*Asks:* 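Sharing a structure, written as structure tokens. Questions coming.
Just so you know, residue 1 is the first one in the sequence shown, and it goes up from there. On a predicted model such as this, the values are computed, not experimentally measured, just so you know. Just so it is clear, the values below take in all heavy atoms, side chains as well, and ignore hydrogens, waters and symmetry mates.
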Amino acid sequence: MNAKRIIPRLSFWQIWNMNVGFFGIQYSFGLQQTAVNPIYSFLGAHAEQLPILNLAGPITGLLIQPLIGAISDKTWSPKWGRRKPFFLLGALFCSIALFLFPFSSTIWMAAGLLWILDAANNTAMEPYRAFIGDKLPEDQQTFGFQMQSLFVGAGITLANLSLFVFQKYLGGNSASGGIPVWVYYSFFLGSFCSIASVAWSVYKTPEIPPTEEEIEELRIAKEKSTFFTPFVEIIVAIKEMPKVLWQLALVYLFQWYALFVYWQFITPMLKSSLYGISEADESKANNFLESAKNGASIVAEDLSWAKGILHQVEVAVGQTGLMNGSYNIVTMLSALLLVPFAKKFGSKNTYIFCLFLTGLGIMTLPFIKNEYFILLPMVALGIGWASMMGLPYSMVSPSIPHSKRGIYMGVINMMIVIPMLIQTLSFGFIFNNFLGNNPSSAIILAGILFVVAGSCVFLIKPDGVKK
């Protein structure tokens with residue numbers, strides 16, 4: 001669309017309100033980071049199965065975000081706007097899936113609900129990235145994307161701290177097979193936050209109406225549109241993609257592969273390195289309790305040992321929640337503080353520093369044997385997470401045509417999920433054959449990959465980014 005668009009500057013609170021919905025989306029994402037893999041373990045999954053059980057995230061992100069982006073680019077409703085209908089639809093299904101998730105009775109039920117949850121999250125998240133470009137002038141976009149980073153930190157912080165607090169104060173001291181009751185509370189809270197926060201942003205933030213010329217172009221495009229039109233537009237967009245996006249794709253290959261390794265293996269690492277629990281012991285304890293539940297005669301000493309092991313497993317899950325909550329608190333505190341650093345040193349240099357810092361912090365985790373000292377590297381990860389959620393978008397946003405902003409934000413998400421897809425398909429083999437089934441080795445490798453990602457940022461040459 002070639003019509004001149006007038007995009008007014010927004011106040012702090014207007015930018016705040018438009019991004020509140022990101023809080024609920026990221027609460028859900030935080031539960032996926034921290035609670036889904038432990039739930040798989042509670043239901044009997046083994047560590048080498050975790051990558052393939054997390055296939056939902058990469059697949060739904062790969063398919064849904066660019067499609068939603070292409071469709072929303074060609075959408076306009078005088079009542080609902082362009083992006084907001086997709087916020088609401090995604091949030092509604094996300095809320096339902098979160099409510100049902102802790103009732104999972106089998107691994108495959110949990111995996112099925114994860115597919116629904118991921119599809120809903122992607123439906124809501126993609127238009128939110130495009131929303132910043134729609135609503136803010138170029139000189140406010142870094143602030144807008146970093147405000148999203150703040151709500152990323154806030155949502156994931158509440159998700160992770162809720163797991164820690166509910167486990168510590170409402171979980172009791174007993175452990176049994178299946179999903180602990182305290183996990184339910186976190187998912188119920190997430191179900192409420194998902195729909196409530198998005199509804200707030202939808203209510204508070206009007207979208208900028210298209211010009212008459214844009215409306216006419218939308219009408220013509222709708223008349224010519226077929227079922228295959230969004231797919232064709234995605235292919236054409238990738239073919240014509242600005243060079244800076246290809247450069248970002250290389251960074252994301254290593255960055256998001258590393259993050260997926262961290263999220264999947266941080267709890268198994270803690271169980272082993274911090275609490276001395278082997279997967280064999282956890283499996284044996286589960287078998288004892290399952291046998292006892294089915295009426296088999298179990299020696300009281302063995303039953304007590306099994307309950308103790310599984311209680312320690314729950315403590316490890318709570319510790320993961322505390323650690324992930326801690327780094328997301330740092331994300332909240334540092335997200336907007338990175339804005340002046342990006343203006344002074346450049347978004348590119350700031351991003352490089354943050355990725356290097358993240359990699360070094362993660363590499364130290366397996367060597368720390370104290371549950372409080374192990375929170376210190378979370379400062380590095382929190383600063384890195386704040387940069388990852390904002391700076392790359394502000395670096396490439398000026399190079400993206402307004403009429404294809406939704407598609408290209410979806411394409412950027414493809415750059416995120418393709419490395420995750422590669423990780424889910426490849427890392428089980430790597431874990432078994434090259435890392436000796438050692439979760440600590442997996443975490444160290446994740447740290448190394450962050451350093452590689454930071455090195456690749458040197459190759460990015462942003463077009464039109466104000467230094």
Side-chain angles (χ1 to χ4, degrees), residues 10 12-33 57 61 64-65 68-69 72 81-95 98 117-118 120-136 140-162 189-207 324-325 327-336 338-339 382 385-394 397 405-406 409-410 412-413 416:
L10 299 185
F12 176 91
W13 290 112
Q14 286 174 317
I15 297 174
W16 174 280
N17 284 330
M18 70 183 284
N19 283 302
V20 164
F22 222 63
F23 170 82
I25 296 170
Q26 293 301 317
Y27 185 108
S28 172
F29 190 52
L31 287 180
Q32 288 179 242
Q33 285 182 14
I64 289 176
Q65 285 216 26
I68 293 296
S72 67
R82 169 171 285 146
R83 314 293 181 185
K84 293 195 293 187
F86 301 96
F87 302 167
L88 278 174
L89 184 66
L92 177 61
F93 279 93
C94 179
S95 182
L98 285 171
L117 181 59
D118 261 315
N121 271 339
N122 281 294
T123 299
M125 191 184 302
E126 194 285 333
Y128 242 118
R129 296 297 190 191
F131 202 34
I132 295 295
D134 290 345
K135 287 284 294 180
L136 295 178
Q140 283 193 306
Q141 287 185 15
T142 296
F143 184 80
F145 284 117
Q146 287 305 122
M147 182 69 81
Q148 285 194 348
S149 289
L150 185 150
F151 280 108
V152 168
I156 301 178
T157 295
L158 182 60
N160 286 284
L161 291 184
S162 73
L189 180 58
S191 180
F192 170 78
C193 288
S194 177
I195 192 65
S197 65
V198 169
W200 176 269
S201 287
V202 167
Y203 174 71
K204 285 287 187 177
T205 308
E207 294 198 58
N324 288 350
Y327 85 69
N328 280 285
I329 289 175
V330 176
T331 296
M332 279 194 300
L333 297 175
S334 63
L336 298 185
L338 287 178
V339 175
W385 186 234
S387 73
M388 293 174 224
M389 291 292 97
L391 294 181
Y393 296 95
S394 64
S397 183
R405 190 170 297 279
M409 287 300 168
I412 291 174
N413 191 69
I416 294 172

*Asks:* To the nearest 0.5 Å, tell me how far Asn122 CG sits from Phe86 CZ.
*Replies:* 14.0 Å

*Asks:* Any idea which heavy atoms bring Leu158 and Cys193 closest together, and the distance?
*Replies:* CD2-SG, 4.2 Å

*Asks:* Under the side-chain contact (heavy atoms from CB on, under 4.5 Å) test, which residues partner Leu88, sequence neighbours left out?
*Replies:* Trp80, Val198, Val202

*Asks:* Short question: side chain of Ser149, backbone of Ala386 - any donor-acceptor pair under 3.5 Å?
*Replies:* yes

*Asks:* Report yes if the side chains of Leu117 and Leu31 come closer than 4.5 Å at any heavy-atom pair, otherwise no.
*Replies:* no

*Asks:* With side chains defined as the heavy atoms from C-beta onward, is the minimum distance between Leu336 and Leu150 less than 4.5 Å?
*Replies:* yes

*Asks:* Side chains of Ser397 and Arg405: does their closest heavy-atom pair fall under 4.5 Å?
*Replies:* yes

*Asks:* At what distance, to the nearest 0.5 angstrom, does CZ of Phe93 lie from CG of Leu98?
*Replies:* 13.5 Å

*Asks:* Could you state the interatomic distance from CG (Asn328) to CG (Leu333), rounded to the nearest 0.5 Å?
*Replies:* 11.0 Å

*Asks:* Would you sort out whether Asp134 and Arg83 count as a side chain to side chain contact (heavy atoms under 4.5 Å, CB included), showing the intermediate values?
*Replies:* CA-CA 9 Å; Asp134 290 345; Arg83 314 293 181 185; 2.6 Å; yes

*Asks:* First locate atom CD1 of Ile68, then atom CE of Met409, and finally report the distance between them rounded to the nearest 0.5 Å.
*Replies:* 16.0 Å

*Asks:* If we only count heavy atoms from C-beta on, is the Gln146 to Leu338 side-chain gap below 4.5 Å?
*Replies:* yes

*Asks:* Under the criterion side chain to side chain contact (heavy atoms under 4.5 Å, CB included), I'd like the reasoning laid out for Phe143 against Leu136: C-alpha separation, chi angles, the key distance, then a yes or no.
*Replies:* CA-CA 9 Å; Phe143 184 80; Leu136 295 178; over 6 Å; no

*Asks:* Is there a donor-acceptor pair under 3.5 Å between the side chain of Ser394 and the backbone N or O of Leu391?
*Replies:* yes

*Asks:* Between Tyr27 and Ser162, do the side chains contain an N or O donor and an N or O acceptor separated by less than 3.5 Å?
*Replies:* yes

*Asks:* Residues two or more places apart in sequence or in another chain: which of them pass ring pair (Phe, Tyr, Trp, His ring centres under 6.0 Å) with Trp16?
*Replies:* Trp13, Phe151

*Asks:* Is there a donor-acceptor contact under 3.5 Å from the side chain of Thr331 to the main chain of Trp385?
*Replies:* no

*Asks:* Not counting sequence neighbours, which residues clear ring pair (Phe, Tyr, Trp, His ring centres under 6.0 Å) with Phe29? List them please.
*Replies:* Trp263

*Asks:* Taking only residues two or more places apart in sequence, or in another chain, which ones meet Ala124 in a side-chain contact (heavy atoms from CB on, under 4.5 Å)?
*Replies:* Ile25

*Asks:* Name all residues meeting the ring pair (Phe, Tyr, Trp, His ring centres under 6.0 Å) criterion together with Phe87; count only those two or more places apart in sequence or in a different chain, and write none if there are none.
*Replies:* Tyr128, Phe131

*Asks:* List for me each residue that meets ring pair (Phe, Tyr, Trp, His ring centres under 6.0 Å) alongside Tyr393, sequence neighbours excluded, and say none if there are none.
*Replies:* Phe145

*Asks:* Between atom CD1 of Ile15 and atom CD of Gln148, what is the distance when rounded to the nearest 0.5 Å?
*Replies:* 11.0 Å

*Asks:* If you measure from NZ on Lys135 to CG on Leu10, what distance do you get to the nearest 0.5 Å?
*Replies:* 5.5 Å

*Asks:* Going through the checks in order, is the side chain to side chain contact (heavy atoms under 4.5 Å, CB included) test met by Cys94 and Ser194?
*Replies:* CA-CA 7 Å; Cys94 179; Ser194 177; 3.5 Å; yes

